[in-house]
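Since the structure comes first, as C-alpha cells, the remarks are kept for the end.
The chains referred to below are lettered A, B, ... by the order of the sequence lines, with proteins before strands, and numbering in each begins at 1. What's counted below: heavy atoms across the whole structure, side chains too, no hydrogens, waters or symmetry copies.
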There are 2 protein chains.
Amino acid sequence: MAIFQRLAHGPMAVHELAALVPVSRPAVSQHLRVLKDAGLIRDSKEGTRRVYELDAAGIARLRAHFDQVWDKALSAFQSSAEKATPQNDKAGEKDDKRRQKRRHS
Amino acid sequence: MAIFQRLAHGPMAVHELAALVPVSRPAVSQHLRVLKDAGLIRDSKEGTRRVYELDAAGIARLRAHFDQVWDKALSAFQSSAEKATPQNDKAGEKDDKRRQKRRHS
DNA sequence: ACTTACCGTAAGCAATAACTTACGGTAAGT
DNA sequence: ACTTACCGTAAGTTATTGCTTACGGTAAGT
C-alpha cells in the first residue's frame, strides 16, 4: 500500500522507491511484482533502470469490482431490512441518493 | 470475504453461516468478530441464537475510504502523465531522465 | 575489456494469520 | 432439574505472508 501510494506521486525507479520505504530493494521488487500481476502498475525499461508507474485502467477495474461488492451488499441489505419490517417499508426509502452509482470514464 | 458476501443475502445465525463455508463454526465466529470490530456488521441476540447482519453505515464508511484512495491515485497519475508529455516526448525525454541518475541515495 | 549501476529471482527464516479442538456459559425445551 | 441447542473464547497447530541475504544478468560508463 505504501508503495502504491508512493507511485501515485509519479513514475519511479526501484531503487528510488526502496529509499522511501523501510524495507530492502528486493522486497520492493517483490511488491511491484504482485502489483504488476494485479494489473495496477506498468513498467518500462529505461537504460539500466526500470521505471514503474500506475496503470489507470487496472485501477479503474479494481475500483469497479469493489463498487459492485458495495452495491450488492447495500442493496441486499435494505431489501432484507424491508422484508423484516414490512409495515414500515415506506420509511426505508430515505437513501435514494446513496444508491446512485458512480460514473466511470 | 465469503462470509461477508453471504451476509449480503440477509441476516443469519452463526451455525447457518458455518454450514455454508468450508470452515468450522468457531472459525466463523472469529471472522464475525473481526468484521464486527471493523464496524461492518452488527449482531443481535435472538433466543439462544445470535443473528448477524450487515451494517450499512460501516460499509459506506469503508467504501468512502477506498474511493478516496482511488481518486487520489488516479488524479495524481493524470497530472504526472500530463507533465511527462507536454508535447512530443521523443526529443528531450532521454536527456531529462538521465540527468537525475544517481542524485538521490 | 572491465567496472559500475540497477534490477529480478531464489532460498531461507521470522512474523502473522487462519484454522481446529476443547471448554465453559446462557437460553429454551422437557 | 436436566437436557439440548447455540455460541464465544482460549490454546495450540498449521499455513501464509513478508522480509533478508545471496546470486546472476543486462545496460551504460571508462
- Message: Hydrophobic cluster membership, with links at side-chain heavy-atom distances under 4.5 Å among I/L/V/M/F/W/Y: are B:Leu17 and B:Val34 in one?
- Response: no
- Query: Do NZ/NE/NH1/NH2 and the carboxylate oxygens of A:Arg33 and A:Asp43 come within less than 4.0 Å?
  - Reply: no
- Message: Using a strict threshold of under 4.0 Å (side-chain N to carboxylate O), is an ion pair present between A:Arg63 and B:Asp67?
- Response: yes
With respect to the phosphate group of [N], does any side-chain polar atom (N or O) of [X] fall under 4.0 Å of OP1 or OP2?
X: B:Arg33; N: D:dT9; result: yes
X: A:Tyr52; N: C:dC6; result: no
X: B:His15; N: D:dA5; result: no

Find out whether [X] and [Y] are in side-chain contact, i.e. whether some heavy atom of one side chain is under 4.5 Å from a heavy atom of the other.
X: B:Leu54; Y: A:Leu74; result: no
X: A:Tyr52; Y: A:Arg50; result: yes
X: B:Met12; Y: B:Val51; result: no
X: A:His65; Y: A:Val69; result: yes

Nearest-Å distance, [atom1] ([X]) to [atom2] ([N])?
X: A:Leu32; N: C:dC6; atom1: CG; atom2: C1'; answer: 13 Å
X: A:Asp37; N: D:dT17; atom1: CG; atom2: P; answer: 14 Å
X: B:Ile41; N: D:dC7; atom1: CD1; atom2: C1'; answer: 14 Å
X: B:Met12; N: D:dC7; atom1: CE; atom2: C1'; answer: 17 Å
X: A:Leu17; N: C:dC6; atom1: CG; atom2: C1'; answer: 14 Å
X: A:Arg49; N: C:dG8; atom1: CZ; atom2: P; answer: 12 Å
X: B:Asp43; N: D:dC6; atom1: CG; atom2: C1'; answer: 14 Å
X: B:Lys36; N: D:dC7; atom1: NZ; atom2: P; answer: 14 Å

- Task: Produce a footprint string for nucleotides 18-30 of chain C: one letter per nucleotide, 5' end first; B if the base is under 4.0 Å from any protein heavy atom, S if only the sugar-phosphate is, - if neither.
- Result: -BBBB----SS--
- Item | side-chain contact (heavy atoms from CB on, under 4.5 Å) involving B:Ala38 - partner list, sequence neighbours excluded | B:Leu40
- Which nucleotides of DNA chain C pair, in dot-bracket form (Watson-Crick or G-U under 3.5 Å, | meaning another strand): ||||||||||||||||||||||||||||||
- Query: Would you call the rings of B:Trp70 and A:Phe4 parallel, tilted or perpendicular if under 30° counts as parallel and over 60° as perpendicular?
  - Reply: perpendicular
